[in-house]
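First the proteins, then the strands, lettered A, B, ... as listed; each starts at 1. Since the structure is predicted, the reported quantities are computational estimates derived from the model, not experimental observations.
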Amino acid sequence: MKIKALKGFKDVIPGEVELWQYLEKVARDVFGRYQFSEIRLPVLEETALFARSIGEGTDIVEKEMYTFVDKQITMRPEATASLLRAYIEHGLGVQKPVQRLFTIGPMFRHERPQKGRLRQFHQLDAEIIGSASPRVDAELIAMAALLLAELQLSVSLELNSLGCPACRPAYRALLLEFIAARLDGLCDDCRRRSATNPLRVLDCKVPGCRERIVDAPAMAMHLCGDCADHFSGVQQALDLLGITYRLNKFMVRGLDYYCRTTFEFITTDLGAQAAVAAGGRYDGLVGLLGGPEQCPGIGFAMGMERLVLLLQQQPAPALPAAADLAIAAVGEEAVLLAFPLAQELRAAGFRVAMDHEGRSLKAQMKQADKSGAARALIIGATEVAAGYGLLRDLRGEGQQEVALNSAALADALL
RNA sequence: GUGGGCGUAGCUCAAUAGGUUAGAGCACCUGGUUGUGGCCCAGGAGGCUGGGGGUUCAAGUCCCCUCGCUCACCCCA
(Lines give C-alpha, C1' and ligand atoms only; values in the text may rest on other atoms or scores of the structure.)
Protein backbone atom coordinates (compact mmCIF):
# COMPACT_ATOMS: atom_id res chain seq x y z
CA MET A 1 0.00 0.00 0.00
CA LYS A 2 1.39 3.31 -1.06
CA ILE A 3 1.63 6.02 1.55
CA LYS A 4 -0.07 9.19 0.44
CA ALA A 5 -0.57 12.60 1.93
CA LEU A 6 -3.48 12.81 4.36
CA LYS A 7 -6.90 13.88 3.20
CA GLY A 8 -6.98 17.64 3.05
CA PHE A 9 -3.19 17.98 3.16
CA LYS A 10 -1.27 19.00 0.06
CA ASP A 11 2.28 19.19 -1.20
CA VAL A 12 3.31 22.32 -3.01
CA ILE A 13 5.74 21.03 -5.61
CA PRO A 14 8.19 22.85 -7.89
CA GLY A 15 6.27 24.54 -10.64
CA GLU A 16 3.61 25.63 -8.20
CA VAL A 17 5.77 26.79 -5.32
CA GLU A 18 7.04 29.73 -7.37
CA LEU A 19 3.58 31.24 -7.29
CA TRP A 20 3.48 30.91 -3.51
CA GLN A 21 6.84 32.60 -3.24
CA TYR A 22 5.61 35.40 -5.47
CA LEU A 23 2.50 35.80 -3.34
CA GLU A 24 4.51 35.94 -0.14
CA LYS A 25 6.95 38.41 -1.63
CA VAL A 26 4.25 40.82 -2.72
CA ALA A 27 2.50 40.47 0.63
CA ARG A 28 5.63 41.17 2.67
CA ASP A 29 6.35 44.16 0.49
CA VAL A 30 2.87 45.64 0.88
CA PHE A 31 2.72 44.94 4.60
CA GLY A 32 6.06 46.66 4.99
CA ARG A 33 4.77 49.78 3.28
CA TYR A 34 2.13 50.02 5.98
CA GLN A 35 4.77 49.51 8.68
CA PHE A 36 3.74 46.04 9.77
CA SER A 37 6.34 43.84 11.47
CA GLU A 38 6.43 40.11 11.00
CA ILE A 39 5.85 37.85 13.96
CA ARG A 40 6.40 34.10 13.81
CA LEU A 41 4.21 31.98 15.98
CA PRO A 42 4.05 28.35 17.07
CA VAL A 43 1.52 26.06 15.51
CA LEU A 44 0.55 24.40 18.78
CA GLU A 45 -1.16 26.21 21.64
CA GLU A 46 -3.10 25.35 24.73
CA THR A 47 -6.58 24.28 23.76
CA ALA A 48 -8.07 26.83 26.14
CA LEU A 49 -6.65 29.71 24.11
CA PHE A 50 -8.86 28.88 21.14
CA ALA A 51 -11.85 27.80 23.15
CA ARG A 52 -11.87 31.15 24.90
CA SER A 53 -11.20 33.42 21.94
CA ILE A 54 -13.02 31.76 19.06
CA GLY A 55 -15.95 30.71 21.20
CA GLU A 56 -17.03 27.45 22.83
CA GLY A 57 -20.12 27.13 20.72
CA THR A 58 -18.53 27.66 17.31
CA ASP A 59 -18.14 24.83 14.82
CA ILE A 60 -14.41 25.41 14.77
CA VAL A 61 -14.00 24.75 18.47
CA GLU A 62 -16.77 22.20 18.73
CA LYS A 63 -15.76 19.82 15.98
CA GLU A 64 -13.01 21.08 13.72
CA MET A 65 -9.91 21.40 15.87
CA TYR A 66 -6.98 19.02 15.81
CA THR A 67 -6.54 18.51 19.52
CA PHE A 68 -4.22 16.23 21.46
CA VAL A 69 -6.83 15.48 24.06
CA ASP A 70 -4.44 13.96 26.58
CA LYS A 71 -2.15 16.97 26.46
CA GLN A 72 -4.76 19.71 26.18
CA ILE A 73 -3.01 21.24 23.22
CA THR A 74 -4.41 22.12 19.80
CA MET A 75 -3.04 22.87 16.34
CA ARG A 76 -4.12 26.42 15.65
CA PRO A 77 -7.26 26.79 13.53
CA GLU A 78 -6.55 30.49 13.00
CA ALA A 79 -3.84 32.98 13.80
CA THR A 80 -5.41 35.84 15.73
CA ALA A 81 -5.61 34.04 19.07
CA SER A 82 -1.97 32.95 18.91
CA LEU A 83 -0.85 36.38 17.84
CA LEU A 84 -2.66 38.08 20.69
CA ARG A 85 -1.29 35.52 23.13
CA ALA A 86 2.22 36.44 21.98
CA TYR A 87 1.39 40.14 22.09
CA ILE A 88 0.30 39.81 25.70
CA GLU A 89 3.05 37.40 26.73
CA HIS A 90 5.83 39.70 25.55
CA GLY A 91 4.17 42.95 26.58
CA LEU A 92 4.44 44.23 23.04
CA GLY A 93 1.94 46.98 23.76
CA VAL A 94 4.11 48.57 26.40
CA GLN A 95 6.92 49.83 24.19
CA LYS A 96 4.64 50.65 21.34
CA PRO A 97 1.02 51.38 22.18
CA VAL A 98 -0.22 50.62 18.69
CA GLN A 99 1.30 47.45 17.25
CA ARG A 100 1.05 46.44 13.61
CA LEU A 101 1.87 42.78 13.18
CA PHE A 102 1.55 40.21 10.45
CA THR A 103 2.19 36.50 10.29
CA ILE A 104 2.16 33.88 7.55
CA GLY A 105 1.68 30.20 8.04
CA PRO A 106 -0.40 27.04 8.19
CA MET A 107 -3.70 26.63 10.04
CA PHE A 108 -5.54 23.40 10.70
CA ARG A 109 -9.22 22.57 10.68
CA HIS A 110 -10.75 19.13 10.44
CA GLU A 111 -13.35 19.91 7.78
CA ARG A 112 -14.44 18.07 4.69
CA PRO A 113 -12.10 19.36 1.96
CA GLN A 114 -13.47 21.10 -1.10
CA LYS A 115 -12.34 23.68 -3.62
CA GLY A 116 -10.34 26.32 -1.76
CA ARG A 117 -10.72 24.55 1.55
CA LEU A 118 -8.14 22.20 2.98
CA ARG A 119 -7.46 20.75 6.40
CA GLN A 120 -4.04 22.33 6.45
CA PHE A 121 -4.41 25.71 4.83
CA HIS A 122 -2.34 28.85 4.88
CA GLN A 123 -3.16 32.38 5.80
CA LEU A 124 -1.65 35.81 5.54
CA ASP A 125 -2.74 37.44 8.76
CA ALA A 126 -2.43 41.10 9.72
CA GLU A 127 -3.51 42.75 12.95
CA ILE A 128 -3.44 46.26 14.41
CA ILE A 129 -3.61 46.15 18.18
CA GLY A 130 -4.14 49.15 20.44
CA SER A 131 -6.12 51.56 18.31
CA ALA A 132 -9.86 52.15 18.19
CA SER A 133 -9.66 54.80 15.50
CA PRO A 134 -12.00 54.19 12.57
CA ARG A 135 -9.20 55.36 10.31
CA VAL A 136 -7.23 52.32 11.42
CA ASP A 137 -10.08 50.12 10.24
CA ALA A 138 -10.03 51.85 6.90
CA GLU A 139 -6.26 51.74 6.61
CA LEU A 140 -6.17 48.01 7.32
CA ILE A 141 -8.88 47.37 4.75
CA ALA A 142 -7.05 49.58 2.28
CA MET A 143 -3.89 47.55 2.80
CA ALA A 144 -5.73 44.33 2.01
CA ALA A 145 -7.26 46.00 -1.02
CA LEU A 146 -3.88 47.21 -2.24
CA LEU A 147 -2.33 43.77 -1.84
CA LEU A 148 -5.14 42.17 -3.83
CA ALA A 149 -4.83 44.88 -6.46
CA GLU A 150 -1.09 44.35 -6.79
CA LEU A 151 -1.80 40.67 -7.33
CA GLN A 152 -4.08 41.78 -10.18
CA LEU A 153 -7.05 40.10 -8.55
CA SER A 154 -10.47 41.57 -9.00
CA VAL A 155 -12.55 41.17 -5.88
CA SER A 156 -15.29 43.13 -4.21
CA LEU A 157 -15.42 44.42 -0.69
CA GLU A 158 -18.37 44.02 1.63
CA LEU A 159 -18.71 45.90 4.87
CA ASN A 160 -20.86 45.64 7.94
CA SER A 161 -20.91 46.45 11.62
CA LEU A 162 -21.78 43.91 14.27
CA GLY A 163 -22.19 46.38 17.10
CA CYS A 164 -20.73 45.85 20.53
CA PRO A 165 -21.73 44.27 23.85
CA ALA A 166 -23.71 47.43 24.57
CA CYS A 167 -26.00 47.30 21.57
CA ARG A 168 -25.93 43.75 20.31
CA PRO A 169 -28.14 42.12 22.96
CA ALA A 170 -31.05 44.42 22.20
CA TYR A 171 -30.64 43.87 18.48
CA ARG A 172 -30.34 40.15 18.96
CA ALA A 173 -33.64 40.11 20.82
CA LEU A 174 -35.22 42.08 18.01
CA LEU A 175 -33.89 39.66 15.43
CA LEU A 176 -35.03 36.63 17.41
CA GLU A 177 -38.50 38.07 17.55
CA PHE A 178 -38.46 38.62 13.80
CA ILE A 179 -37.26 35.06 13.14
CA ALA A 180 -39.68 33.48 15.59
CA ALA A 181 -42.57 35.13 13.74
CA ARG A 182 -41.73 33.30 10.51
CA LEU A 183 -39.92 30.23 11.74
CA ASP A 184 -42.01 27.68 9.86
CA GLY A 185 -41.10 29.25 6.53
CA LEU A 186 -37.37 28.71 7.08
CA CYS A 187 -35.15 25.78 6.19
CA ASP A 188 -34.10 23.17 8.73
CA ASP A 189 -30.66 24.68 9.08
CA CYS A 190 -32.12 28.08 9.86
CA ARG A 191 -34.44 26.64 12.49
CA ARG A 192 -31.39 25.12 14.14
CA ARG A 193 -29.41 28.34 13.73
CA SER A 194 -32.17 30.43 15.23
CA ALA A 195 -31.41 28.67 18.48
CA THR A 196 -27.64 28.40 18.27
CA ASN A 197 -26.54 31.47 16.31
CA PRO A 198 -29.45 33.60 15.10
CA LEU A 199 -27.19 36.02 13.22
CA ARG A 200 -26.31 33.12 10.93
CA VAL A 201 -29.86 33.00 9.65
CA LEU A 202 -29.13 36.30 7.96
CA ASP A 203 -26.64 34.85 5.51
CA CYS A 204 -28.45 31.62 4.70
CA LYS A 205 -28.07 30.74 1.02
CA VAL A 206 -31.41 29.00 0.60
CA PRO A 207 -33.52 31.22 -1.72
CA GLY A 208 -36.68 30.67 0.30
CA CYS A 209 -34.98 31.86 3.44
CA ARG A 210 -33.49 34.86 1.70
CA GLU A 211 -36.93 35.97 0.60
CA ARG A 212 -38.32 35.74 4.09
CA ILE A 213 -35.52 37.69 5.69
CA VAL A 214 -35.03 40.52 3.20
CA ASP A 215 -36.76 42.92 5.57
CA ALA A 216 -35.10 41.52 8.68
CA PRO A 217 -33.83 44.16 11.09
CA ALA A 218 -30.19 44.97 10.34
CA MET A 219 -27.60 45.36 13.06
CA ALA A 220 -26.23 48.38 11.30
CA MET A 221 -29.56 50.15 11.82
CA HIS A 222 -29.61 49.41 15.54
CA LEU A 223 -26.13 50.39 16.62
CA CYS A 224 -25.58 52.31 19.80
CA GLY A 225 -24.30 55.87 19.45
CA ASP A 226 -20.62 54.97 19.78
CA CYS A 227 -20.85 52.09 17.32
CA ALA A 228 -22.81 54.18 14.84
CA ASP A 229 -20.21 56.94 15.03
CA HIS A 230 -17.43 54.45 14.56
CA PHE A 231 -19.14 52.79 11.60
CA SER A 232 -19.76 56.06 9.81
CA GLY A 233 -16.18 57.06 10.61
CA VAL A 234 -14.93 53.93 8.88
CA GLN A 235 -17.05 54.63 5.85
CA GLN A 236 -15.89 58.22 5.63
CA ALA A 237 -12.28 57.12 5.88
CA LEU A 238 -12.78 54.51 3.16
CA ASP A 239 -14.41 57.11 0.95
CA LEU A 240 -11.47 59.41 1.56
CA LEU A 241 -9.12 56.68 0.35
CA GLY A 242 -11.27 55.94 -2.66
CA ILE A 243 -11.96 52.38 -1.56
CA THR A 244 -15.24 51.15 -2.96
CA TYR A 245 -17.36 48.82 -0.88
CA ARG A 246 -20.86 47.52 -0.54
CA LEU A 247 -22.74 47.56 2.73
CA ASN A 248 -24.01 44.07 3.46
CA LYS A 249 -26.29 43.95 6.44
CA PHE A 250 -26.46 40.17 6.17
CA MET A 251 -22.74 39.59 6.52
CA VAL A 252 -21.92 38.01 9.86
CA ARG A 253 -18.82 36.42 11.26
CA GLY A 254 -18.20 32.90 12.41
CA LEU A 255 -16.01 33.71 15.34
CA ASP A 256 -17.44 35.02 18.56
CA TYR A 257 -14.86 37.69 19.19
CA TYR A 258 -15.78 40.06 16.40
CA CYS A 259 -17.48 43.37 17.10
CA ARG A 260 -18.16 46.55 15.18
CA THR A 261 -16.45 46.58 11.78
CA THR A 262 -16.45 43.40 9.76
CA PHE A 263 -15.47 43.02 6.15
CA GLU A 264 -14.94 40.45 3.46
CA PHE A 265 -13.23 40.47 0.11
CA ILE A 266 -15.15 38.11 -2.12
CA THR A 267 -14.75 36.68 -5.60
CA THR A 268 -17.05 34.90 -8.00
CA ASP A 269 -14.27 32.73 -9.42
CA LEU A 270 -13.84 30.18 -6.65
CA GLY A 271 -17.08 28.27 -6.49
CA ALA A 272 -18.59 28.12 -3.06
CA GLN A 273 -15.59 29.48 -1.19
CA ALA A 274 -16.13 33.07 -2.16
CA ALA A 275 -14.18 34.84 0.58
CA VAL A 276 -10.50 35.36 -0.13
CA ALA A 277 -9.96 37.63 2.83
CA ALA A 278 -12.04 38.46 5.85
CA GLY A 279 -11.64 40.22 9.11
CA GLY A 280 -12.97 42.63 11.60
CA ARG A 281 -12.60 44.40 14.86
CA TYR A 282 -12.25 42.53 18.14
CA ASP A 283 -12.16 45.14 20.89
CA GLY A 284 -12.12 43.35 24.21
CA LEU A 285 -10.50 40.14 23.03
CA VAL A 286 -7.09 41.13 24.35
CA GLY A 287 -8.66 41.68 27.74
CA LEU A 288 -10.48 38.38 27.53
CA LEU A 289 -7.17 36.62 26.97
CA GLY A 290 -5.60 38.20 30.03
CA GLY A 291 -4.10 41.32 28.49
CA PRO A 292 -4.96 44.91 29.25
CA GLU A 293 -8.70 45.50 29.48
CA GLN A 294 -10.21 47.84 26.91
CA CYS A 295 -7.43 47.10 24.45
CA PRO A 296 -8.94 47.41 20.98
CA GLY A 297 -7.81 45.49 17.93
CA ILE A 298 -8.63 44.71 14.34
CA GLY A 299 -7.28 42.29 11.80
CA PHE A 300 -7.85 40.17 8.75
CA ALA A 301 -6.86 36.82 7.36
CA MET A 302 -6.34 35.96 3.72
CA GLY A 303 -6.62 32.40 2.46
CA MET A 304 -3.45 31.69 0.52
CA GLU A 305 -4.79 28.60 -1.24
CA ARG A 306 -7.67 30.67 -2.49
CA LEU A 307 -5.35 33.43 -3.68
CA VAL A 308 -3.16 30.89 -5.46
CA LEU A 309 -6.19 29.36 -7.16
CA LEU A 310 -7.11 32.80 -8.43
CA LEU A 311 -3.55 33.56 -9.50
CA GLN A 312 -3.51 30.31 -11.47
CA GLN A 313 -6.56 31.45 -13.40
CA GLN A 314 -4.76 34.43 -14.82
CA PRO A 315 -1.58 34.92 -16.87
CA ALA A 316 1.47 33.96 -14.84
CA PRO A 317 3.45 36.85 -13.37
CA ALA A 318 6.97 37.28 -14.72
CA LEU A 319 9.12 35.01 -12.62
CA PRO A 320 12.91 35.16 -12.61
CA ALA A 321 14.87 32.75 -14.83
CA ALA A 322 15.82 29.53 -13.10
CA ALA A 323 19.53 29.82 -13.87
CA ASP A 324 22.02 32.38 -15.11
CA LEU A 325 24.23 29.78 -16.71
CA ALA A 326 24.12 26.10 -17.61
CA ILE A 327 27.50 24.46 -18.08
CA ALA A 328 27.70 21.72 -20.68
CA ALA A 329 31.00 19.91 -20.28
CA VAL A 330 31.95 16.95 -22.44
CA GLY A 331 34.82 14.66 -21.57
CA GLU A 332 36.66 14.03 -18.35
CA GLU A 333 39.15 16.90 -18.76
CA ALA A 334 36.42 19.40 -19.45
CA VAL A 335 34.35 18.21 -16.53
CA LEU A 336 37.29 18.48 -14.14
CA LEU A 337 37.81 22.06 -15.32
CA ALA A 338 34.15 23.00 -15.28
CA PHE A 339 33.27 21.62 -11.88
CA PRO A 340 35.37 24.04 -9.79
CA LEU A 341 34.45 26.81 -12.22
CA ALA A 342 30.79 26.27 -11.38
CA GLN A 343 31.62 26.47 -7.69
CA GLU A 344 33.48 29.77 -8.13
CA LEU A 345 30.66 31.30 -10.14
CA ARG A 346 28.13 30.21 -7.55
CA ALA A 347 30.28 31.75 -4.84
CA ALA A 348 30.25 34.92 -6.92
CA GLY A 349 26.46 34.94 -6.84
CA PHE A 350 25.47 33.28 -10.10
CA ARG A 351 22.91 30.54 -10.37
CA VAL A 352 24.67 27.78 -12.24
CA ALA A 353 23.33 24.45 -13.49
CA MET A 354 25.63 21.54 -14.28
CA ASP A 355 24.90 17.95 -15.19
CA HIS A 356 26.89 15.09 -13.68
CA GLU A 357 25.41 12.18 -15.58
CA GLY A 358 28.00 12.18 -18.37
CA ARG A 359 25.38 12.85 -20.99
CA SER A 360 25.97 13.91 -24.55
CA LEU A 361 26.42 17.56 -25.45
CA LYS A 362 23.09 17.50 -27.18
CA ALA A 363 21.37 16.13 -24.12
CA GLN A 364 23.03 18.71 -21.90
CA MET A 365 22.04 21.53 -24.23
CA LYS A 366 18.50 20.30 -24.32
CA GLN A 367 18.39 20.19 -20.54
CA ALA A 368 19.93 23.66 -20.36
CA ASP A 369 17.30 25.06 -22.66
CA LYS A 370 14.46 23.51 -20.71
CA SER A 371 15.86 24.63 -17.39
CA GLY A 372 15.25 28.21 -18.43
CA ALA A 373 18.90 29.15 -18.19
CA ALA A 374 19.76 32.36 -19.99
CA ARG A 375 23.04 31.08 -21.35
CA ALA A 376 25.06 27.91 -21.75
CA LEU A 377 28.80 27.43 -21.47
CA ILE A 378 30.12 24.71 -23.75
CA ILE A 379 33.41 23.08 -22.84
CA GLY A 380 34.96 20.16 -24.70
CA ALA A 381 38.49 18.94 -25.33
CA THR A 382 39.09 21.71 -27.88
CA GLU A 383 38.08 24.42 -25.45
CA VAL A 384 40.17 22.98 -22.64
CA ALA A 385 43.22 23.04 -24.89
CA ALA A 386 42.51 26.58 -26.07
CA GLY A 387 41.53 27.93 -22.69
CA TYR A 388 38.33 29.37 -24.14
CA GLY A 389 34.79 28.14 -23.71
CA LEU A 390 31.79 28.86 -25.91
CA LEU A 391 29.25 31.04 -24.18
CA ARG A 392 26.00 30.52 -26.01
CA ASP A 393 22.90 32.65 -25.76
CA LEU A 394 19.91 30.40 -25.17
CA ARG A 395 17.38 33.16 -25.75
CA GLY A 396 18.72 33.90 -29.20
CA GLU A 397 21.32 32.12 -31.30
CA GLY A 398 24.76 33.65 -30.99
CA GLN A 399 27.77 32.39 -29.08
CA GLN A 400 31.12 33.86 -28.20
CA GLU A 401 34.43 32.66 -26.87
CA VAL A 402 35.16 33.43 -23.25
CA ALA A 403 38.32 32.66 -21.28
CA LEU A 404 37.78 29.74 -18.96
CA ASN A 405 38.19 31.49 -15.64
CA SER A 406 35.53 32.72 -13.27
CA ALA A 407 36.48 36.39 -13.55
CA ALA A 408 36.13 36.47 -17.32
CA LEU A 409 32.93 34.49 -17.16
CA ALA A 410 31.44 36.69 -14.48
CA ASP A 411 32.12 39.71 -16.67
CA ALA A 412 30.53 38.06 -19.67
CA LEU A 413 27.45 37.10 -17.68
CA LEU A 414 26.73 40.59 -16.42
C1' G B 1 -21.36 14.69 9.57
C1' U B 2 -24.82 14.58 4.69
C1' G B 3 -25.38 14.20 -0.69
C1' G B 4 -23.70 14.08 -6.12
C1' G B 5 -19.73 13.04 -9.72
C1' C B 6 -15.22 10.48 -10.82
C1' G B 7 -10.93 6.70 -10.26
C1' U B 8 -6.92 3.62 -16.98
C1' A B 9 1.07 5.68 -18.00
C1' G B 10 4.26 11.35 -14.45
C1' C B 11 -0.03 14.74 -16.75
C1' U B 12 -4.66 15.14 -19.99
C1' C B 13 -7.62 11.42 -21.92
C1' A B 14 -9.14 6.91 -25.53
C1' A B 15 -10.53 1.66 -25.57
C1' U B 16 -17.00 -0.28 -30.69
C1' A B 17 -22.81 -4.88 -27.70
C1' G B 18 -17.88 -7.71 -22.02
C1' G B 19 -13.56 -10.60 -26.72
C1' U B 20 -6.30 -11.54 -28.44
C1' U B 21 -0.54 -8.51 -26.16
C1' A B 22 -4.99 -1.81 -22.66
C1' G B 23 -3.81 2.90 -26.77
C1' A B 24 -2.88 8.38 -28.03
C1' G B 25 -1.08 13.36 -27.08
C1' C B 26 2.16 15.99 -23.76
C1' A B 27 6.43 15.06 -20.71
C1' C B 28 10.87 11.68 -20.29
C1' C B 29 15.20 8.80 -22.65
C1' U B 30 18.04 7.50 -27.24
C1' G B 31 19.19 8.37 -32.26
C1' G B 32 18.82 11.27 -36.99
C1' U B 33 23.67 15.82 -36.35
C1' U B 34 31.48 11.39 -33.86
C1' G B 35 30.54 18.57 -30.31
C1' U B 36 25.41 22.52 -29.99
C1' G B 37 19.10 23.74 -27.27
C1' G B 38 14.24 25.32 -29.55
C1' C B 39 11.21 22.98 -34.87
C1' C B 40 10.84 18.26 -37.32
C1' C B 41 11.41 12.78 -37.95
C1' A B 42 12.34 7.69 -36.03
C1' G B 43 12.68 4.54 -32.01
C1' G B 44 12.46 3.38 -26.62
C1' A B 45 10.98 3.22 -21.67
C1' G B 46 6.85 3.86 -18.71
C1' G B 47 0.28 0.50 -16.41
C1' C B 48 -1.03 -5.43 -10.74
C1' U B 49 -6.94 -0.23 -15.45
C1' G B 50 -7.23 2.49 -6.90
C1' G B 51 -7.92 -2.27 -3.81
C1' G B 52 -10.85 -6.77 -2.67
C1' G B 53 -14.68 -10.10 -3.85
C1' G B 54 -18.45 -11.89 -7.36
C1' U B 55 -20.90 -13.12 -12.36
C1' U B 56 -18.71 -15.19 -17.02
C1' C B 57 -15.34 -19.59 -21.41
C1' A B 58 -13.61 -14.35 -21.15
C1' A B 59 -14.05 -8.14 -17.02
C1' G B 60 -10.78 -1.64 -17.86
C1' U B 61 -16.03 -2.63 -19.29
C1' C B 62 -21.41 -5.88 -15.46
C1' C B 63 -22.68 -6.52 -9.76
C1' C B 64 -21.28 -5.86 -4.43
C1' C B 65 -17.90 -3.97 -0.84
C1' U B 66 -13.93 -0.84 0.29
C1' C B 67 -10.34 3.07 -0.27
C1' G B 68 -9.20 7.56 -2.59
C1' C B 69 -10.12 12.09 -5.28
C1' U B 70 -13.55 15.87 -6.33
C1' C B 71 -17.81 19.28 -6.11
C1' A B 72 -21.67 20.91 -3.08
C1' C B 73 -24.29 21.26 1.85
C1' C B 74 -22.69 22.52 6.81
C1' C B 75 -18.95 25.87 8.22
C1' C B 76 -15.29 29.09 6.85
C1' A B 77 -9.88 32.14 4.80
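On a pure distance criterion of 3.5 Å, a polar donor-acceptor pair joins the side chain of A/Q399 and the base of B/U36. Side chain A/E383 to base B/G35: a donor-acceptor pair is found below 3.5 Å. At a cut-off of 3.5 angstrom, counting only N and O atoms as typed in the model, there is no donor on one side facing an acceptor on the other between the side-chain of A/R117 and the base of B/C71. Interface remark: the A/K4 side chain does not form any donor-acceptor pair with the B/G50 base, using a distance-only criterion of under 3.5 Å.
Within the 3.5 Å criterion, the main-chain N or O of A/G380 finds a donor-acceptor partner in the side chain of A/E383. Under the 3.5 Å distance criterion, the side-chain polar atoms of A/Q367 are left unmatched by any main-chain donor or acceptor of A/D355. A donor-acceptor contact shorter than 3.5 Å links the side chain of A/T47 to the backbone of A/I73. A donor-acceptor pair is defined here as one N or O able to donate and one able to accept, closer than 3.5 Å; such a pair exists between the side chain of A/R100 and the backbone of A/Y34. Within the 3.5 Å criterion, the main-chain N or O of A/R359 finds a donor-acceptor partner in the side chain of A/Q364. With hydrogens and angles disregarded, a donor-acceptor distance shorter than 3.5 Å links the side chain of A/D283 to the backbone of A/G297.
Across all strands shown, A/L118 has heavy atoms under 4.0 Å from base atoms, whether or not it also approaches the sugar-phosphate. Using a 4.0 Å heavy-atom criterion, one finds that A/G116 contacts the bases of the nucleic acid, with or without backbone contacts as well. Within 4.0 Å (heavy atoms only), A/E397 reaches at least one base atom of the nucleic acid. A/A381 comes within 4.0 angstrom of a nucleotide base, judged by non-hydrogen atoms across all strands. A/G299 comes within 4.0 angstrom of nothing in the nucleic acid, heavy atoms only. Within the nucleic acid shown, A/V330 has no heavy atom closer than 4.0 Å to any nucleic acid atom. Residue A/R375 is out of contact with every strand shown, counting any heavy-atom pair closer than 4.0 Å. As judged by a 4.0 angstrom heavy-atom cut-off over every strand, A/L390 is placed among the base-contacting residues.
In summary, A/E16 and A/K10 do not engage in a salt bridge, as defined by a charged side-chain N under 4.0 Å from a carboxylate O. The existence of a salt bridge linking A/K25 and A/D29 is excluded, since no basic side-chain nitrogen approaches an acidic carboxylate oxygen closer than 4.0 Å.
When distances are taken from the side chain of A/A301 to each of B/A72, B/A77, B/C75, the shortest belongs to B/A77. Comparing B/G35, B/C74, B/A77 against the side chain of A/L361 picks out B/G35 as the nearest.
Under the Watson-Crick or G-U wobble criterion, with both distances below 3.5 Å, B/C57 is paired with B/G19. Pairing for B/G3 goes to B/C71, judged as Watson-Crick or G-U wobble with the two contacts each under 3.5 Å. In this entry B/A77 has no Watson-Crick or G-U wobble partner, no candidate having both defining distances under 3.5 Å. Across all strands shown, the partner of B/C28 is B/G44, judged by Watson-Crick or G-U wobble contacts whose two distances both fall under 3.5 Å. Pair assignment for B/U49: none, as no Watson-Crick or G-U wobble contacts are both less than 3.5 Å. Nucleotide B/A9 has no partner under the Watson-Crick or G-U criteria, as no pair reaches both atom distances under 3.5 Å. Of the nucleotides present, none pairs with B/G35 by Watson-Crick or G-U wobble criteria with both distances under 3.5 Å.
B/G68 atom C1' lies 13 Å from atom CZ of A/R119, rounded to whole Å. Atom-to-atom, CD of A/E64 to P of B/C75 comes out at 10 Å; the value is rounded to the nearest Å. Rounded to whole Å, atom C1' of B/A77 lies 10 Å from atom CD of A/E111. Note: CD1 (A/I378) to P (B/U36) measures 9 Å, nearest angstrom. Going from atom CG of A/L309 over to atom P of B/C71 covers 9 Å, rounded to whole Å. In this structure, CG of A/L6 is placed 10 Å from P of B/G68, rounded to the nearest angstrom. Note: CE (A/M65) to C1' (B/C75) measures 15 Å, nearest angstrom. Here the P atom of nucleotide B/C74 and the CD1 atom of A/I60 are 16 Å apart, to the nearest Å.
Place A/S360 and A/G380 on RNA chain B by their nearest nucleotides, and A/S360 ends up nearer the 5' end. Summary of the strand contacts: A/E305 and A/K10 both lie near RNA chain B, and taking for each the nucleotide with the nearest heavy atom, the more 5' one is attributed to A/K10.
Residue A/L414 qualifies as enclosed at atom CG: its count of foreign heavy atoms under 6.0 Å is above 12.
Side chain to side chain, A/N160 and A/Y245 fail the donor-acceptor criterion of an N or O pair below 3.5 Å.
Residues from residues 365-372 of chain A lying near RNA chain B, meaning a heavy-atom separation below 4.0 Å, are A/M365, A/K366, A/Q367, A/D369, A/K370 in numerical order.
A close approach under 4.0 Å does occur between a side-chain nitrogen or oxygen of A/Q114 and OP1 or OP2 of B/A72. For B/C69, the OP1/OP2 oxygens have a side-chain nitrogen or oxygen of A/K7 closer than 4.0 Å. OP1 or OP2 of B/G3 has not a single side-chain nitrogen or oxygen of A/R112 nearer than 4.0 Å.
Comparing the P positions of B/C13 and B/G54 gives an interatomic distance of 33 Å, to the nearest angstrom. A gap of 15 Å separates the P atoms of B/A59 and B/G51, to the nearest Å.
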